[in-house]
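Throughout, a chain's letter reflects where its sequence line sits, starting with A, and its residues are numbered from 1.
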Protein chains: 2
Amino acid sequence: MYDLFFQKFNEKIALTAEEEALVKQYLTPKKLRRKQYLVQEGDVCKNICFVEKGALRAYVLDETGDEHITAFALEGWTLGDLSSFIKAEPATWNIDALEDCELVLISKQAYDELLQIMPKYETYIRLLMTDAYMALQRRTTYMISLPLEERYLAFTQMYPTLFQRVPQHMIASFMGLSAETLSRVRNRISNRK
Amino acid sequence: MYDLFFQKFNEKIALTAEEEALVKQYLTPKKLRRKQYLVQEGDVCKNICFVEKGALRAYVLDETGDEHITAFALEGWTLGDLSSFIKAEPATWNIDALEDCELVLISKQAYDELLQIMPKYETYIRLLMTDAYMALQRRTTYMISLPLEERYLAFTQMYPTLFQRVPQHMIASFMGLSAETLSRVRNRISNRK
DNA sequence: GAAAAACGTTGATTTTTGTCAACGGTTTTT
DNA sequence: AAAAACCGTTGACAAAAATCAACGTTTTTC
């Protein structure tokens, strides 16, 4: 149930069996069916979720009601509307399941308490935030500096599994493009080889 | 010399005078003249810098030699090529001073050691990363979901001081636009009021 | 198992943005 | 103090991307 969670945790910082048992007390498992919401815009995001199995996406709606995907999460990734979670403010993101999911949830209270009582948890979170921040910096750097075809190729290499698993119009949305434009970009790339 | 650094530190987590003195031993002051580099692409980014005074920018060069600004830093902000710093890999960013600067540097060795010996430093870094990550998420969400004029207004509110202090063609670059387009966006906004 | 919805692609057209050139007015350099 | 570089804007034009519509296929729903 928590296998992947602790595998990833231990990759960042090793835990003893006792420590794992302690952390486990603060976690809640949750199953989510395809198309179900984890968070809706306006709710406070009460949990951060770790994906044991399945796939999720986060998106925002614009004034014309169009969806813009801001993030994905596959097995081993962590997702939530972080600002809403940390500041206990209404979420601006919607998060729903693209496939049936098995998740590990950490509530805000559990998060705060673990940070207080367990230095290794703070180290884990520090490293998680650092990695997430570096990944997002890379994404934004590519966004503003690479021409479209190179950007698509770079993203493909950055997220190989994701691009196989998720419909292309969602990838387009994630990249800030229309589905048609992405289709044409892919066409140009395969023609030039 | 380190006034603003410790002011910001204490806003996140309070230090005693003794603790401040300890941290101070790990810091190095540095002055940078306008146009001087803190890091150049290809170097390993050996320090993260905190801005006591002045302004810096980070940028990448594309294949045609054009600059794309990825980040700015004003007084009280922290900047570096984080991936390069953490992984000791060659930097992909260039960082230079837009104005004469007074900086506080933390070397990788000092960073690692402080994290080891001082739990409050780890808390400080965790909060710094969390805040930086949330800010970057907001920026990228705006990037893909807001139409140009709203995006410009949102950025103006997000970084009011920055937009007054930095030339507009750099703001344009930061937003992934040409200088001419930004000029026209501003024009449309002032006409519609 | 049939109907409906979702998906990816293509073509025609419109809208948006970039590019190039020029300008007057700064600021910086020497 | 003069020369050079930089800055923001504008106009004319070219390039890129979005939009709209249609299509055959696949997947989901009931």
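- Of the listed residues (B:Val104, B:Ile106, B:Leu32, B:Leu103), just one forms a side-chain contact (heavy atoms from CB on, under 4.5 Å) with B:Cys49, and that residue is B:Leu103.
- Partners of A:Lys108 according to the side chain to side chain contact (heavy atoms under 4.5 Å, CB included) rule, which considers only residues two or more places apart in sequence or in another chain, are A:Phe85, A:Tyr111, A:Asp112.
- Counting 5' to 3', DNA chain D first comes under 4.0 angstrom of a heavy atom of chain B and last does so at the ends given by D:dC7 to D:dA12.
- Residues B:Tyr159 and B:Leu74 are not in side-chain contact: their nearest non-hydrogen atoms beyond the backbone lie 4.5 Å or more apart.
- Pairs of residues two or more places apart, or lying in two chains, never qualify as ring pair (Phe, Tyr, Trp, His ring centres under 6.0 Å) while including a residue from residues 129-151 of chain A.
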So which protein N/O to nucleotides 12-14 of chain C N/O distances come out below 3.5 Å?
residue : atom : partner  : partner atom : Å
C:dA12  : N6   : A:Arg184 : NH2          : 3.4

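- Using a 4.0 Å cutoff on non-hydrogen atoms, the parts of residues 163-181 of chain B near DNA chain C are B:Gly176, B:Leu177, B:Ser178, B:Glu180, B:Thr181, ordered by number.
- Looking at A:Arg34, its side chain never comes within 3.5 Å of a backbone N or O of A:Asp100 through a donor-acceptor pair.
- With sequence neighbours left out, the ring pair (Phe, Tyr, Trp, His ring centres under 6.0 Å) criterion links B:Phe72 to B:Phe174.
- Annotation: side chain of B:Pro147 is in contact with side chain of A:Glu63 (closest heavy-atom distance under 4.5 Å).
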Got a list of protein N/O to nucleotides 27-30 of chain C N/O distances below 3.5 Å?
none

Review item, side-chain donor-acceptor pairs of residues 50-59 of chain B, under 3.5 Å, at least two apart:
residue : atom : partner : partner atom : Å
B:Glu52 : OE1  : B:Leu4  : N            : 3.2
B:Glu52 : OE2  : B:Leu4  : N            : 3.2
B:Glu52 : OE2  : B:Phe5  : N            : 2.7
B:Arg57 : NE   : B:Asp96 : OD1          : 2.8
B:Arg57 : NH1  : B:Glu67 : OE1          : 2.9
B:Arg57 : NH2  : B:Asp96 : OD2          : 3.1
B:Tyr59 : OH   : B:Tyr37 : OH           : 2.9

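- Within the structure, side-chain hydrogen bond (donor to acceptor under 3.5 Å, both in side chains) contacts touching residues 122-132 of chain A (residues at least two apart or in different chains) are A:Lys12-A:Asp131, A:Glu122-B:Thr123, A:Glu122-B:Arg126, A:Thr123-B:Glu122, A:Arg126-B:Glu122.
- Looking at heavy-atom distances under 4.0 Å, A:Leu182 makes no contact with the nucleic acid at all.
- Sequence neighbours left out, the pairs with a member in residues 69-82 of chain A that pass side-chain hydrogen bond (donor to acceptor under 3.5 Å, both in side chains) are A:Glu75-A:Arg165.
- Here CD1 of A:Ile171 is found 10.5 Å from CD of A:Gln164. Values are rounded to the nearest 0.5 Å.
- OP1 and OP2 of C:dT9 both lie 4.0 Å or more from every side-chain N or O belonging to A:Asn187.
- Within the structure, the side-chain hydrogen bond (donor to acceptor under 3.5 Å, both in side chains) test picks out the following pairs touching residues 146-158 of chain B (sequence neighbours left out): B:Glu149-B:Arg188, B:Glu149-B:Arg192, B:Tyr152-B:Arg186.
- Rounded to 10 degrees, the angle separating the terminal axes of the helix from C:dG1-D:dC30 to C:dT30-D:dA1 is 60°, with each axis obtained from five end pairs.
- In the displayed structure, B:Gln116 atom CD is contacted under 6.0 Å by at most 12 heavy atoms of other residues, nucleotides or ligands.
- No donor-acceptor distance shorter than 3.5 angstrom exists from the side chain of A:Asn187 to the backbone of A:Ser183, with no hydrogens or angles considered.
- The backbone N or O of A:Glu89 sits less than 3.5 Å from a side-chain atom of A:Ser84, completing a donor-acceptor pair.
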